[in-house]
Each structure stands twice: as C-alpha cells, then as structure tokens.
Protein chains: 2
Amino acid sequence: MTKNTAETINHEDFLFINDSLVEIFDKILRIEERELRKSRFKDITINELHLVHAITLHEQKTTSAVAHELHLSKGSLTSSVNMLVKRGYVERIRNQQDRRVINLTLTSKGRLLYRAHDAFHRQLVKSFLIGMDENDMPLIKRALTNLQNFVDEATNH
Amino acid sequence: MTKNTAETINHEDFLFINDSLVEIFDKILRIEERELRKSRFKDITINELHLVHAITLHEQKTTSAVAHELHLSKGSLTSSVNMLVKRGYVERIRNQQDRRVINLTLTSKGRLLYRAHDAFHRQLVKSFLIGMDENDMPLIKRALTNLQNFVDEATNH
DNA sequence: AGCAATTAGTTCGATATTCAAACTAATTGG
DNA sequence: CCAATTAGTTTGAATATCGAACTAATTGCT
C-alpha cells in the first residue's frame, strides 16, 4: 500500500461511501419488511423475523441468552416470544436439567421462515460480489474487517 | 476479472461477509445510541437524531417532505417534531408563499448535533479505509455500487 | 438437611412510537 | 366565489419496550 487514503480521503469519496452505507442499511430493512408482506409469512414483523433469526436452527438457546443477544429486557422477550408461539413459529421447551430454564426452538414453520430470510441474505451477499474475482476478496474482507474493528472498539470502549 | 466469485462463492466467504454486514449495522446503531448518551445531547434518541439528520443543515424542507423521506406518517412526524422543538433542536417556520406549509430548520443547537453526528460518520468511513490506497478505491466503490443496485432493484420492483 | 440468596422467566403498569382517520386552515381551479 | 385539494395537527387505538414486583426452581452455606 503506497498511501493511506484514510488520512487524505476527499470529500466526494467520503460522501459516496457514507451515503452508500446509510442508504443500503436503510433500504435493506424496508426490503426485508416488504418481502415479508409478499411472502407466506404475513403475520410476522421485521423485529419478529430477527427474533426468529436469533433463535437459530440448531441451538436451543435460553430466553435470557436471546434477550441478551438482542439487547432486550426479559419482559420484552417474553411477550414477543408469546406472539411467535401463538403464531406457530417458536416452541418453548422446559429444560429438564434445570427446570427454571426455558429453551427456545423453531417449529418447522419457524425453520421455513429462517431459511427464507437466509436466502435473502445470500442474494444480498451475492450481489455485493458481482463482477469480482477471488483476487479481489482479500481487499473486500479487509474493508469489512476494518469496519468490524472500528465498531468493536467503539462498542467496547 | 477472470472469474465471478458471485456464482461460486464458498460458504465461509458468504458467512464472513454476511455476518460482518449484519453485525456492523447492528452495532453502529448501538454505538450511535451510546455516543448520544455520553454527549451533551442526552435528551435525544437515535430516531430523533436521524430526524435531525433528515432535516439537514441548509435546506428548509417541508414537514411532508421529511415524513416521506423517513417513511413516517404526517401524524408521527408532527409529534416527533414537537419533541425536537420543545427541546430546542428544531424550529418551525411558516412558509409565507403558501401559508399551509411549514418549513423545518435546525436551531444552532440542532446544527451542533448534526455536526457531531456527521463527525462520527466521518470516523466510521475513515476506519473503513484504513490501510488502503487510492488504487483500492475503485473496487470498494464497485462493491458498494453493487449493493446499492441490488437494494434499489429490490426496492423498486 | 434446611433455609437464605440467587437465578430464570413471567406479569404488570407506565411510557414511547406509530398509524389512520377526522379535523382545521390555506390554496387552487373552474 | 365556492368546491376540491393540500399541508399539517389532533385524536384514539395498537404495539413495543422497560423496569419492578412476582413465582418457581436451584444453589450455597452452615
């Protein structure tokens, strides 16, 4: 690397990158919302979708673990899980080793939803890489790693 | 470009890129929230910050225009603008050409907040580019343009 | 073993956000 | 000049979220 653009970034580049990130982020949420409306999963909001995603396919996380992961209070999680249970996406399983604990799992309907959402993300990443070859990957990964480091540092400080 | 990875992306790369994007977006919101709490602008939520950002420094947008931009109803906008007016970040200016219209502007306190937020974004973009030189920019821009095209296509379809 | 402290999750009451519909005031078009 | 339209506000209902009080189960201490 001959020169670090980060020190000398020009205003146009800043605007381009910043506006791209902001717009992309904003639009992805709206697209996810609209895809849900068009899909068979019309009774689900975007937050509920992300809850289904947090519960995941193969683990059996506890209510507290999921609440912590989503930065929600336990009370909030109880009520959103109630909704997903009522609508048939999630099941509560009482943990037999420690009967205070509830493990959350997806029903087959919940797994369908999870996979549909995953497919959308796959499309997204695929589009991200259009026209690139494997030589470009290190740079892309570096940019993402940079951003991750930045947000991690900011998060943990 | 010799080969298009988008067609052949391996699972690890997919996971890396996808998880990066998801985590980064998620954390940015929390960081913005926490930076607000630590700043002199403790009476502002993240949504109010984004409203201040939408009002912008130099234009005098109408209430409807801002509502449309943020995909909020006019009623919602009225109430959040009320809050920002009460707290001294925003002013309503009755348009004298068309007295039905209200133009929104930032007060000097609102402009301070706007600039503080802008500085955060500048840091973010700067971190994104650490260790890159200007030869890398076309690829970075291409990846972002790809993503923008994807979300635009998905938005407008 | 027995009881106090802790832990996991739920319930409850209060507050925030958002919407859509009804409303007011101003403007425009015929 | 008045009917229709437009910009914004008000209102009432629905939803999301929090934190505190609560219940049930477990753990640790003596």
Side-chain angles (χ1 to χ4, degrees), chain A residues 26 29-30 32-34 36-37 41-55 59-87 89-106, chain B residues 26 29-30 32-34 36-37 41-55 59-87 89-106:
Chain A
D26 183 61
L29 282 180
R30 296 191 204 294
E32 286 185 334
E33 181 71 41
R34 222 205 27 203
L36 275 177
R37 289 300 135 261
F41 308 111
K42 297 192 208 312
D43 55 353
I44 288 295
T45 68
I46 195 74
N47 287 340
E48 287 162 344
L49 172 60
H50 290 143
L51 174 50
V52 163
H53 189 256
I55 291 171
E59 291 174 79
Q60 298 221 333
K61 298 181 187 170
T62 65
T63 299
S64 297
V66 173
H68 182 254
E69 205 176 309
L70 297 177
H71 300 252
L72 289 174
S73 69
K74 296 187 298 173
S76 294
L77 204 76
T78 294
S79 77
S80 42
V81 168
N82 283 343
M83 194 52 80
L84 288 175
V85 168
K86 190 161 75 186
R87 294 184 179 154
Y89 292 90
V90 170
E91 267 174 354
R92 286 184 166 98
I93 297 178
R94 176 70 66 181
N95 186 312
Q96 292 308 320
Q97 278 69 58
D98 181 343
R99 295 185 36 74
R100 291 170 304 182
V101 174
I102 299 268
N103 292 105
L104 299 174
T105 61
L106 299 180
Chain B
D26 184 60
L29 279 182
R30 298 192 203 293
E32 287 186 335
E33 181 70 43
R34 221 203 30 201
L36 276 176
R37 289 301 134 262
F41 307 111
K42 297 194 208 311
D43 56 353
I44 288 296
T45 68
I46 194 74
N47 287 340
E48 287 163 345
L49 172 60
H50 289 143
L51 174 50
V52 164
H53 189 257
I55 290 171
E59 290 175 79
Q60 298 220 333
K61 297 181 186 171
T62 65
T63 299
S64 297
V66 173
H68 181 255
E69 206 176 310
L70 297 177
H71 300 253
L72 289 174
S73 69
K74 295 186 299 174
S76 294
L77 205 76
T78 293
S79 78
S80 44
V81 167
N82 283 343
M83 195 52 81
L84 288 175
V85 168
K86 191 160 76 187
R87 294 183 180 154
Y89 292 91
V90 170
E91 266 174 354
R92 287 184 166 98
I93 298 178
R94 177 70 66 182
N95 185 313
Q96 292 307 322
Q97 278 67 57
D98 181 344
R99 296 183 37 73
R100 289 169 305 181
V101 174
I102 300 266
N103 292 106
L104 299 174
T105 61
L106 299 180

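No hydrogens, no waters, no symmetry mates; every other heavy atom, side chains included, goes into these values. Each chain gets a letter, A, B and so on, in the order its sequence line appears, and its residues count up from 1.
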Sorted by position of nearest nucleotide on DNA chain D, 5' first, the leading residue of B/Ser79 and A/Met83 is B/Ser79
Between CG of B/Asn82 and P of C/dT17 the distance, given in whole Å, is 12 Å
Syn within 90° of 0, anti beyond: C/dA14 is anti
- prompt: With sugar-phosphate meaning primed atoms plus P, OP1 and OP2, does B/Ser80 contact a base, only sugar-phosphate, or nothing at under 4.0 Å between heavy atoms?
  reply: nothing
On a heavy-atom basis, the closest approach of B/Arg37 and B/Thr45 is NH2-CA, 3.9 Å
Sorted by number, residues from residues 69-78 of chain B placing a heavy atom under 4.0 Å from DNA chain D are B/Lys74, B/Gly75, B/Thr78
Rounded to whole Å, CD of B/Gln96 lies from C1' of C/dA26 at a distance of 12 Å
Of C/dG9, D/dT17, C/dT27, the nucleotide closest to the side chain of A/Asn47 is D/dT17
(message) Classify A/Asn95 by what it touches in the nucleic acid, base, sugar-phosphate, or nothing, heavy-atom distance under 4.0 Å.
(response) nothing
| message | Around atom NE2 of B/His68, are there more than 12 heavy atoms from other residues, nucleotides or ligands closer than 6.0 Å? | response | no
ask   = Reckon A/Arg92 touches a base, only the sugar-phosphate, or nothing at all at heavy-atom distances under 4.0 Å?
value = sugar-phosphate
The nucleotide from D/dT17, C/dG9, D/dG8 with an atom nearest the side chain of B/Ile102 is D/dG8
Taking for A/Glu48 and for B/Arg94 the nucleotide of DNA chain D with the nearest heavy atom, the one nearer the 5' end belongs to B/Arg94
Please state whether the phosphate of C/dA8, meaning OP1 or OP2, lies under 4.0 angstrom from any side-chain nitrogen or oxygen of A/Thr63. no
Residues pairing under salt bridge (Lys or Arg N to Asp or Glu O under 4.0 Å) where one sits in residues 61-77 of chain A, two or more places apart or in two chains, turn out to be A/Lys61-A/Glu69
When rounded to whole Å, the CD to P distance for the pair B/Gln97 and C/dT28 reads 11 Å
Taken to the nearest whole Å, NE2/B/His68 to P/C/dC19 is 13 Å
Please examine the side chains of A/Asn103 and A/Thr62, heavy atoms only from C-beta on, and report whether any two atoms are closer than 4.5 Å.
yes
From CG of A/Leu51 across to C1' of D/dT15 the rounded distance in Å is 15 Å
When rounded to the nearest 0.5 Å, the distance separating CD of A/Glu91 from CG of A/Leu106 is 9.5 Å
Looking only at heavy atoms, the pair that brings A/Thr78 and A/Arg92 closest together is O-NH2, 3.4 Å
Smallest heavy-atom separation, A/Ala67 atom then A/Ser73 atom, equals CB-O, 4.2 Å
Those residues at least two apart in sequence (or on a different chain) that pass salt bridge (charged side-chain N to carboxylate O under 4.0 Å, His left out) with A/Asp43 are none
The residue among A/Leu77, A/Asn47, A/Leu51 that forms side-chain contact (heavy atoms from CB on, under 4.5 Å) with A/Leu72 is A/Leu77
note: A/Gln60, atom CD; C/dG9, atom C1'; distance rounded to Å ~ 17 Å
To the nearest angstrom, the CG-C1' distance between A/Asp98 and C/dA8 comes to 8 Å
To the nearest angstrom, the CG-P distance between B/Leu84 and C/dT17 comes to 10 Å
All heavy atoms of A/Leu104 vs all of A/Ile55, minimum pair found to be O-CG2, 3.8 Å
Practice prompt. Return no unless some side-chain N or O of B/Asn103 is found under 4.0 Å from OP1 or OP2 of D/dA7.
Written response: no
With sequence neighbours left out, the residues meeting ring-ring contact (aromatic ring centres under 6.0 Å, His included) with B/His53 are B/Tyr114, B/His117
Students should find that the end-to-end axis angle of the helix from C/dT17-D/dA14 to C/dG30-D/dC1, with five pairs defining each axis and rounding to 10 degrees, is 10°
Could you list all N or O pairs between the protein and nucleotides 4-7 of chain C that sit under 3.5 Å apart?
unit_1 : atom_1 : unit_2   : atom_2 : d
C/dT7  : O4'    : A/Arg100 : NH1    : 3.3
C/dT7  : O2     : A/Arg100 : NH1    : 3.1

Minimal heavy-atom distance between B/Leu70 and B/His50, with the atoms involved, is CD2-O, 4.4 Å
_Taking NZ in B/Lys42 as the centre, count heavy atoms belonging to other residues, nucleotides or ligands within less than 6.0 Å. Is the count above 12?_
yes
